[in-house]
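What follows is a single structure, written as structure tokens, with notes after it.
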Amino acid sequence: MGKGGRPDGGDGFGDASRDGVGQENMAAWLLGVNTLKIQPFKLPNLGPHDVLVRLKAVGICGSDVHHFKNMRCADFVVKEPMVIGHECAGIVEEVGSEVKHLVPGDRVALEPGINCKRCELCKQGRYNLCPKMKFFGSPPTHGCLANQVVHPGDLCFKLPNNVSLEEGAMCEPLSVGVHACRRANVGPETNVLVMGAGPIGLVTLLAARAFEASRIVVADVNDHRLSVAKALGAHEIVKVSTNIEEVAEEVAKIKEAMGTRVDVSFDCAGFNKTMATALSATGSGGKVCLVGMGQRELTLPLTSAASREVDVIGIFRYKNTWPLCLELLRSGKVDVKPLITHRFGFSQKEVEKAFETSAGGGNAIKVMFNL
């Protein structure tokens, strides 16, 4: 398994031995709605710039749950059996002849997207927008919920000694928050509103704190997640509803909680209601960053926002974030450990239970596999 897709043009099933690797490589395959099965997956040959990694920690993302429940996430549709997962860390077992920065035994966090490096967007440094991106677990590219993967060495980042493999896997969701804060230019004089206290809202909160935002307010419909946000450092929390008729009233509550103007709002849910609230709450000249993708299409009150010169910006995944994320974890400026609420092993029964737990919401924030 690895390098962004089906090895050698095959279907991925069958004998998984590779160049003397005698044991079968097993992976969690998404076969249909609510249907996952652990089955063999053949590894490709190790190229000169590749590394073979034995996975030890793999997290479940909201996009994984969307694929599991609906066989699609936004415009990414699962059309044939696919290995799932993209948040991962593990131990290097073998390196290609041209890989100089890693040796067997190194613990690494994997950046899951392989860009083409040749298109104009890649050349401009915006490789996260590469139209030929091969991203773990995003159809039609196979993911990383497996015993082993082969991956480009330059996308494998050595973990500091005091950073665990689970924390390494959390670099992927944390990267979303870091990229959002960079896009919105969050700094010490920025007052931040975070709409949504799910996993991405919470890592955005952690990133905003690391970027030294002066004040952070988090809004959500769920009391438990709001309490988690408060424990993670939100200055104030605001309980909201799903009723779009209550936007004006809730904007007033948010402004009161902020106590000053809202400079940047992050919508980490991506619904008409949350974006309408963010647009209305953000002060003139501020920014609204759409992070979540709760709906495929949004109907928004843009006229009022435009008249106040509120900038609406989007993000898609991330770029060049792993070194900073690892430094934030190493230095203790960010602690992602409280987000990991459930752990499962890698068996058929536990994989099914893990996805049920993650999809069920409740008190689950980040569900992690320990392989």
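Since the structure is predicted, the reported quantities are computational estimates derived from the model, not experimental observations.
- Shown here is K100, whose NZ atom has more than 12 heavy atoms of other residues, nucleotides or ligands within 6.0 Å.
- Note on D220 versus R225: no salt bridge recorded, every NZ/NE/NH1/NH2 to OD/OE distance being 4.0 Å or above.
- For an aromatic pair to be called close, the ring centres must be under 6.0 Å apart, and F135 with H86 satisfies this.
- A distance of 8.5 Å separates SG of C119 from CD of Q124, quoted to the nearest 0.5 Å.
- With a 6.0 Å radius and a threshold of 12 heavy atoms from other residues, nucleotides or ligands, K230 has its NZ atom above the threshold.
- At a cut-off of 3.5 Å, with distance as the only test, a side-chain donor of E250 or S241 sits close to an acceptor on the other residue.
- Pairing each heavy atom of C144 with each of V83, the nearest pair is N-CG1, 4.3 Å.
- A 4.5 Å side-chain heavy-atom check between I91 and V108 finds every atom pair outside the cut-off.
- Legend: residues meeting side-chain hydrogen bond (donor to acceptor under 3.5 Å, both in side chains) with S63, ordered by chain and number and at least two apart, are absent.
- Taking the side chain as every heavy atom from C-beta outward, N272 and I244 approach each other to under 4.5 Å.
- A salt bridge (Lys or Arg N to Asp or Glu O under 4.0 Å) with E166 holds for exactly one of K366, R107, R343, K337; it is R343.
- In terms of heavy-atom proximity, M195 sits nearest to T274 at CG-O, 4.1 Å.
- Side chain of S307 to main chain of S304: a donor-acceptor pair is present (N/O by atom type, distance under 3.5 Å, no hydrogens or angles).
- Counted within 6.0 Å of CD on E246, heavy atoms from surrounding residues, nucleotides or ligands total more than 12; the atom is thus considered enclosed.
- Residues satisfying the side-chain hydrogen bond (donor to acceptor under 3.5 Å, both in side chains) criterion with D154, sequence neighbours excluded, are absent altogether.
- Between the CD1 atom in I315 and the CE atom in M293 there is a gap of 8.0 Å [rounded to 0.5 Å].
- Taking the six-membered ring for Trp and the full ring otherwise, H66 and F76 have centroids separated by 6.0 Å or more.
- Comment: E350 does not engage K353 in a salt bridge, judged by the lack of any side-chain N to carboxylate O separation of less than 4.0 angstrom.
- Without hydrogens or angle criteria, R215 side chain to R261 main chain gives no donor-acceptor distance under 3.5 Å.
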Let me see the working for H142 and F41 under ring pair (Phe, Tyr, Trp, His ring centres under 6.0 Å), right down to the final yes or no. CA-CA 10 Å; H142 292 303; F41 188 52; 4.8 Å; yes
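- In the hydrophobic clustering of ILVMFWY residues, with side-chain heavy atoms under 4.5 Å counting as a link, F346 and V149 come out together.
- Within the 4.5 Å cutoff, no side-chain heavy atoms of I313 are placed close to those of L290.
- Between K319 and H179 there is a side-chain heavy-atom pair separated by less than 4.5 Å.
- In the hydrophobic clustering of this structure, M275 does not group with F266; members are Ile, Leu, Val, Met, Phe, Trp, Tyr whose side-chain heavy atoms approach within less than 4.5 Å, directly or through other members.
- Two residues are said to be in side-chain contact when any heavy atoms from C-beta on lie closer than 4.5 Å; L102 and C156 meet this criterion.
- Atom CG of N162 has more than 12 heavy atoms from other residues, nucleotides or ligands within 6.0 Å.
- The side-chain hydrogen bond (donor to acceptor under 3.5 Å, both in side chains) search around E93 returns R54, Q148, not counting sequence neighbours.
- With a 4.5 Å cut-off on side-chain heavy atoms, I365 and I340 do not count as touching.
- Contact detail for W322 and P112: the closest heavy-atom pair is CH2-CD, 3.6 Å.
- Within the 4.5 Å cutoff, the side chain of V51 has heavy atoms near those of the V95 side chain.
- In the displayed structure, K37 atom NZ is contacted under 6.0 Å by at most 12 heavy atoms of other residues, nucleotides or ligands.
- Using a 4.5 Å heavy-atom threshold, the side chains of C171 and L326 count as touching.
- Summarising the geometry of L145 relative to F355, their closest heavy-atom pair is CD2-CE1, 4.1 Å, with the distance given to 0.1 Å.
- More than 12 heavy atoms of other residues, nucleotides or ligands sit less than 6.0 Å from atom CD of E98.
- A distance of 9.0 Å separates NZ of K117 from SG of C130, quoted to the nearest 0.5 Å.
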